[in-house]
Amino acid sequence: MQHARVARTVHRLLAESLARLGTSHLFGLVGDANLFMVDAFVANGTGRYVACTHEANAVLAALGFAQASGRIGVATVTHGPALTNCVTALTEGAKGGIAMVLLCGDTAPGDLQHLQKIDQRPVVAATGAGFVEMRGPETAAADLERAFRLAAHERRPVVFNMRVDLQWAEASGRLLRPVLPEVPMGPARGEALEDAVGMLASARRPLILAGRAAIGDDARTALIDLAARLEAPLATTLKAQGLFAGETFDLGIFGGLSHPVAVDAIMASDCILAFGASLSKHTIEEGAHTRGKRVIQVLPDSLETPRLTEPTLCLIGDIAGTARAMIALLDMADIAGSGAADEDLKKRLANERVARETLPSMAKTAPGTVDFEPALRALDAALPKKRALVADLGRFVTTAWRHLPVSAPRDLVYTCHFGAIGCGLGEAIGAAAADPSRPTVLVAGDGGFLLSGLSELATAVRERMDLVVIVCNDGSYGAEHIQFTNRGMDPGLSMIAPPDFAAIAAAMGLKAFRVDDPESLGQACRALGARKGPTLIDLRLDPTAIPM
């Protein structure tokens, strides 16, 4: 008896292709253009589908996953309004240079009266994301592979546009081996490299700065070796925080978040050697930290970012290879170390580390509120040091970055590339999914948390995520509150009356705490040590006492 051949439909082929392309997590919201593909992906059993409650949060989760894992994030939505709901999230990913693929449905070209019909290509183009059309059943696998390849090499989101009327068509094309090669890059060389080493040779106080593109293990080792050869201190951008944790001459973050000892060392430096850093205005403090200094920038490719700052000299080459090539030239020319990393700096950095471990006392704030900075420091002490940090945007964010540090760069998920509030919860979902072995801490403002959609807490509960949400609840939109009060105006329009976040979270299945005095803060801190599943802390703050 002959068995009928089961046709490989397009939706099944796409699901199988996701597995071949290494997709371990698919974040999404199903509709008629993608539900059969998602069903096939789940049935394959090769990856986990994380269902979100809003399309924007599905894309944001993929962005958070990509940052935390170093892999391509993958999300899926249906057509029309599902895509327009993703515009801010796609722009966040494009401006942040984050590789992810969005499998997005589209209506049939002849269905002119479809309620959800729009021209999707220009919508995507406006975000800065890439766009790959699924041309037909015979090219579906090759088209999807191309979307992944472009996302990886262009470092941005790519929308894979898949028509609903082709989902049940027979896929006639042969399966291709995925082509996602690592692009080989040699070290910088030639006259530019020699000029750079010449600058280092004449520098009295060089400093090595590492950015997000220099966080690989090989690059880290090479930069530490170069720093030792130069006798120079090390620093990182915010997005590379923790890269040099444990090193004696680690200055920490370079920029507006620098501690006083680091600021002194930065200002005393005369040559900054920046590896894999875009040198944004926030890193260089609007030029204050680089003015009058020679700046050598080493980038792994020539792709520009909107944060690019003109250095004295720019080299393109492999980060680790270029650092080692510099060491070789310094050795060949028998250049002595600078002595910038000396005993005095060592002692001052050690004292700074001890001072950071001392919890400050609470200042007096409005009744029913707590002092923000000491409260955050107490929560930091109660949480495991190995954790991910996702901070939404708001006037609280710099305090969160400063007082809830991470110990490795991949544990910091940055949500502020587009200056939009409300991106934090979605990206925290993705970060938590990427590595369940450590807690993910989300710090969000009350306004941004309301904007991000409280319903996404249901995803954290359903997935049993180790997620700690700290809501900085000062009853206001902070930036607008500052604008009004700085001009002596009534800040009433900036004030909001947020709901009882702790009660809502508890009703949704989270462990929740309202913190409005030292006693309730202590209770919340003790509970963090015994947490099981997602936890929310409604941190009540005085809107007139939030540090910037």
For this session: Take Val443 and Val390 through the test side chain to side chain contact (heavy atoms under 4.5 Å, CB included) and record every step on the way to the result.
Result: CA-CA 6 Å; Val443 183; Val390 184; over 6 Å; no

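- Taken from CZ in Phe27 to OG1 in Thr76, the straight-line distance is 12.5 Å, to the nearest 0.5 Å.
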For this session: Report the C-alpha separation of Met199 and Thr312 in whole Å, then their side-chain angles, then the decisive distance to 0.1 Å, and conclude whether the side chain to side chain contact (heavy atoms under 4.5 Å, CB included) test is met.
Result: CA-CA 10 Å; Met199 291 181 188; Thr312 309; 3.9 Å; yes

For this session: Show the numbers, then the answer: is there a side chain to side chain contact (heavy atoms under 4.5 Å, CB included) between His153 and Asp301?
Result: CA-CA 10 Å; His153 296 333; Asp301 56 51; over 6 Å; no

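- For the side-chain contact (heavy atoms from CB on, under 4.5 Å) with Asp195, the qualifying choice from Ile296, Leu313, Leu315 is Leu313, the only one to do so.
- The closest side-chain donor-acceptor pair between Arg402 and Thr399, if any, does not fall under 3.5 angstrom.
- Other residues, nucleotides and ligands contribute only 12 or fewer heavy atoms inside 6.0 Å of the CG atom of Asp217.
- Salt-bridge check for Asp380 with Arg387: passed, with a basic side-chain N closer than 4.0 Å to an acidic carboxylate O.
- A donor-acceptor pair is defined here as one N or O able to donate and one able to accept, closer than 3.5 Å; no such pair exists between the side chain of Arg410 and the backbone of Ala68.
- Residues Asp218 and Arg324 are paired through a salt bridge, judged by an N-O separation under 4.0 Å between the basic side chain and the carboxylate.
- Partner of Leu90 under the side-chain contact (heavy atoms from CB on, under 4.5 Å) criterion, chosen from Leu60, Leu63, Val158, Val59: Val59.
- When only modelled atom types and interatomic distance are considered, Ser278 and Arg212 share no side-chain donor-acceptor pair under 3.5 Å.
- Side-chain N or O atoms of Gln67 include none that pairs as donor or acceptor with a backbone N or O of Ala431 at under 3.5 Å.
- Residues Ala235 and Phe244 approach most closely at O-CE1, 3.5 Å, considering heavy atoms.
- Nearest approach of Ala219 to Ala214, heavy atoms of both residues: CB-O, 3.6 Å.
- Under 4.0 Å is where a charged nitrogen must lie from a carboxylate oxygen, and between Glu145 and Arg149 at least one such pair does.
- Every pair passing salt bridge (charged side-chain N to carboxylate O under 4.0 Å, His left out) that includes a residue from residues 429-443 is listed here, sequence neighbours excluded: Asp411-Arg438, Asp435-Arg438.
- Closest approach of Gln241 and Trp401 over heavy atoms only: NE2-O, 3.8 Å.
- Other residues, nucleotides and ligands contribute more than 12 heavy atoms inside 6.0 Å of the CZ atom of Arg531.
- Looking at heavy atoms from C-beta onward, Glu247 lies in side-chain contact with Ile224 at the 4.5 angstrom threshold.
- Nearest heavy atom pair, residue Ala75 against residue Ala58, reads CB-O, 3.6 Å.
- Of the possible polar contacts, none joining the Thr127 side chain to the Val87 backbone as a donor-acceptor pair under 3.5 Å is found.
- To the nearest 0.5 Å, atoms CG (Leu539) and CG (Leu376) are separated by 7.5 Å.
- Heavy-atom contacts from other residues, nucleotides or ligands closer than 6.0 Å to CZ of Arg353 number more than 12.
- Using a 4.5 Å heavy-atom threshold, the side chains of Pro157 and Val101 count as separate.
- In this structure, Asp264 CG and Ser269 OG are separated by 11.0 Å, a value rounded to the nearest 0.5 Å.
- Residues Phe148 and Arg146 are not in side-chain contact: their nearest non-hydrogen atoms beyond the backbone lie 4.5 Å or more apart.
- Between the Ser258 side chain and the Ile253 main chain, a donor and an acceptor come within less than 3.5 Å of each other.
- Counting only distance, with no hydrogens or angles, the side chain of Lys293 and the backbone of Ile272 share no donor-acceptor pair below 3.5 Å.
- Enclosure of atom NZ in Lys385 by more than 12 non-hydrogen atoms of other residues, nucleotides or ligands within 6.0 angstrom is indicated.
- If you run side-chain contact (heavy atoms from CB on, under 4.5 Å) between Phe254 and each of Ile266, Thr237, Ile208, only Ile266 comes through.
- Side chain of Thr23 to backbone of Ala19: no donor-acceptor contact under 3.5 angstrom is found.
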Exercise. Are Arg189 and Glu194 close enough, and set up right, to give a salt bridge (charged side-chain N to carboxylate O under 4.0 Å, His left out), and what steps lead you there?
Worked result: CA-CA 8 Å; Arg189 60 189 60 172; Glu194 293 173 1; over 6 Å; no

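- Sparse packing is recorded around NZ of Lys346, with 12 or fewer heavy atoms of other residues, nucleotides or ligands lying under 6.0 Å away.
- Counting only distance, with no hydrogens or angles, the side chain of Tyr49 and the backbone of His25 share no donor-acceptor pair below 3.5 Å.
- A heavy-atom distance below 4.5 Å is not found between the side chains of Pro300 and Asp318.
- By the 4.5 Å heavy-atom criterion applied to side chains, Met465 and Ile429 are counted as neighbours.
- The aromatic rings of Tyr414 and His417 stand perpendicular to each other, their planes meeting at an angle above 60°, with 30° marking the opposite boundary.
- Here Leu257 contributes atom CG and Thr236 contributes atom OG1; the two are 10.0 Å apart, rounded to the nearest 0.5 Å.
- For the residue pair Ser452 and Leu425, the shortest heavy atom distance occurs at OG-CB, 3.7 Å.
- Salt bridge present: Glu352 and Arg356 bring a charged side-chain N and a carboxylate O closer than 4.0 Å.
- Cation-pi contact between Lys95 and Phe418: absent, since separation from the ring centre below 6.0 Å together with deviation from the ring axis within 45° is not met.
- Taking CG of Asp466 as the start and OG1 of Thr535 as the end, the distance is 7.5 Å to the nearest 0.5 Å.
- Looking at heavy atoms from C-beta onward, Cys86 lies in side-chain contact with Val77 at the 4.5 angstrom threshold.
- Asp392 places no side-chain N or O within 3.5 Å of a backbone atom of Ala444 that could act as its donor or acceptor partner.
- Under the 3.5 Å distance criterion, the side-chain polar atoms of Asp371 are left unmatched by any main-chain donor or acceptor of Pro374.
- Here the side chains of Ser202 and Arg294 are in contact, with some heavy-atom distance below 4.5 Å.
- Distance check, rounded to the nearest 0.5 Å: CD1 of Ile319 to CG of Leu226 gives 11.5 Å.
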Exercise. Stepwise, does the side chain to side chain contact (heavy atoms under 4.5 Å, CB included) test hold for Leu279 with Thr290?
Worked result: CA-CA 10 Å; Leu279 299 175; Thr290 54; 5.6 Å; no

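- Side-chain N or O atoms of His403 include none that pairs as donor or acceptor with a backbone N or O of Ala375 at under 3.5 Å.
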For this session: Go through the steps to decide whether Arg71 and Ser24 satisfy the test side-chain hydrogen bond (donor to acceptor under 3.5 Å, both in side chains), and finish with yes or no.
Result: CA-CA 10 Å; Arg71 297 160 55 198; Ser24 62; 2.9 Å; yes

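- The shortest non-hydrogen separation linking Ala391 to Cys416 is O-SG, 4.1 Å.
- For the pair Leu234/Phe249, no side-chain contact is recorded, criterion being any heavy-atom separation below 4.5 Å from C-beta on.
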